[in-house]
Number of protein chains: 2
Amino acid sequence: MTTADEALGPSARLLRLFEGNRLTPTQRRIAHTLVQHAADSPFLSSVEVAELAGVSQPSVTRFAVALGYDGYPDLRKQLRDLGLSESAPGGPAESPGDALRNEQQRAVLAEIDNLRRLAELLADPEPVVRAARLLAASRPLPVLGLRAAAAQARGFAYFAGKVHPDVRLLDEGGSMLADRIEQAAAAGASALMCFALPRYPRELMDALAVARDCGLCVVTVADSAFAPVSRMSDLLIPAAVGSSLVFDTACAPMMLGRVLLQAMCDELPDAEGRLECFEQTAAARGLFLD
Amino acid sequence: MTTADEALGPSARLLRLFEGNRLTPTQRRIAHTLVQHAADSPFLSSVEVAELAGVSQPSVTRFAVALGYDGYPDLRKQLRDLGLSESAPGGPAESPGDALRNEQQRAVLAEIDNLRRLAELLADPEPVVRAARLLAASRPLPVLGLRAAAAQARGFAYFAGKVHPDVRLLDEGGSMLADRIEQAAAAGASALMCFALPRYPRELMDALAVARDCGLCVVTVADSAFAPVSRMSDLLIPAAVGSSLVFDTACAPMMLGRVLLQAMCDELPDAEGRLECFEQTAAARGLFLD
DNA sequence: GCCCCGCTGAATGACGTCATGCACAGTCAG
DNA sequence: CTGACTGTGCATGACGTCATTCAGCGGGGC
């Protein structure tokens, strides 16, 4: 069952289950039959096994308990978990070798690694909670993301708006951007949510400078803790982007954004109520198909 | 089912079983559930499937007969013969520590499973290539995504614009939406890229109806092959969304979007030139920090 | 507004599966 | 030869699984 066993064939692994036990002749026949039909064994009922082995059904049950299982179904569960079912006898190589995979599959797998790192990072919930507290407390809550990151900001803002009373999406650059940041600050904003992905637009830095001048606390999701935006951020949480394809993939940043939203819900006392309220009006207006 | 399918992943093969059948919403949920639990599916009883899918047991039986099987056991036999049972590379078998993880980490891990399924699906590059060909050939190229999916559409459109000469982002509903679709068709568009995520807005369906009336070929990225938009789509590629958190996570759809873009680059002869050109002007304008 | 039809879930009954009790055969010791 | 013991199959009852029936519900057509 250890990794060493992985190399063994199905029937070999099956044998290990049985060896070392004193078995009656009938039980040996059953064991033999199971090994012969290793591929099918996880699907067979006790009567089917009995027929194949030429023994009675109770003998099969007794065989299972003799091996220490709670009963025949318990033994069969073990067979299932063994993952026999021998994939293709000639089985060339469905090995996890990356070489077999095409470029796109490799890109997806690379992105999985990014998510895995994010999961590790989340083992410590403290930064997320702190960020969520800051964001939840801000009225209004400006959400900033330019160019490639605009999509992230938009997604975040869309959902944030369902639980936060005043979300302002800032997803376009230009001279109006600074205006809008100042307006948000004037309206009472205390924090700003920023998505910063490569390639970092210069105007994003300018916008963050304005935000800090206005006294806003900048919470940033960036693809690296060492991104140039780090010195413009009060709190930065990293989430790597994938660059295996022509264009960057930002699964981890999106995921982190949702995690932040989740944490914000815990901080916003009326979040649940707002969600329910939205559900009602949505149903009333026939917004969704469902 | 043929030997060609051998290379496909379990869930991909499972999908082939179901596609092409008109299914009721409940039956789609069942199909969706079976795909999600592809590895366990050959072992599940009808009641277990029903519980996982959140439907009644008779609905599972009806689902089986609707697909042409003699009953649920007959369908399950088919699942067994398909030889799913995950020889999964990384295998979801890394779950024993799930209890130790916090809610957010579990959500990330669940999303990883979604990406893994996407990787499986990409073992067969044909649908992606076909979609990319359709999209690359369309001038202009309308990109549709409403509400939650608007962020996806925006991200796709942003990058698509770097290699395609005329991308039109349609990320807002309302009566103008139909106008814009018709205008795109009148301008020569032959295809439309659509992101359809739960909860499916009604106006998205209306928009797709307009698009088809205009003769546009609809390429859809949806969270399930059984999404309601499937019948409004000429080509649908599924990418699951995560629903472990308060708000859905759409890593796999985003990833699929980038994969489509990558494939489009191969179809657009001048893609490389456009990218280089953009780099030059970006450098000249000092757009990015780099 | 009404009816019809398709979809769905609760209840029901037939069937299969499994574990236990019991009887019988074989074996060995006294 | 007898008694005890082990191993086995048969019979039985509890339980789970599955297909059918029926009633309720909601949407589309007249």
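Quick caveat: nothing in here was measured; it's all calculated off a predicted structure. Letters A, B, ... are given to chains in the order of the sequence lines, protein chains preceding strands, and every chain is numbered from 1.
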Please round to 10 degrees the angle between the axis of the first five pairs and the axis of the last five pairs in the helix from C:dG1-D:dC30 to C:dG30-D:dC1.
0°

Between B:D234 and B:V218, what is the shortest heavy-atom contact and its length?
OD2-N, 2.7 Å

For [N], does either OP1 or OP2 sit under 4.0 Å from a side-chain N or O belonging to [X]?
{"X": "B:R76", "N": "D:dC18", "answer": "yes"}
{"X": "B:S46", "N": "D:dT17", "answer": "no"}
{"X": "A:S45", "N": "C:dT17", "answer": "yes"}

How many angstroms lie between OG1 in A:T61 and CG in A:D74, if you round to the nearest 0.5 Å?
12.0 Å

My understanding is that only residues two or more places apart in sequence, or in another chain, count here; which of them pass salt bridge (Lys or Arg N to Asp or Glu O under 4.0 Å) with [X]?
{"X": "B:R154", "value": "A:D171"}
{"X": "B:D179", "value": "none"}
{"X": "B:D213", "value": "none"}

Review item, nucleotides 26-29 of chain D N/O atoms under 3.5 Å of protein N/O:
none

Run B:R76 and B:S45 through side-chain contact (heavy atoms from CB on, under 4.5 Å) and show every step you take.
CA-CA 8 Å; B:R76 186 173 48 193; B:S45 71; 4.3 Å; yes

Residues from residues 52-61 of chain B lying under 4.0 Å of DNA chain C - heavy atoms
B:V55, B:S56, B:P58, B:S59

B:R62 side chain, from C-beta outward: closest of C:dG9, C:dA19, D:dC18:
C:dG9

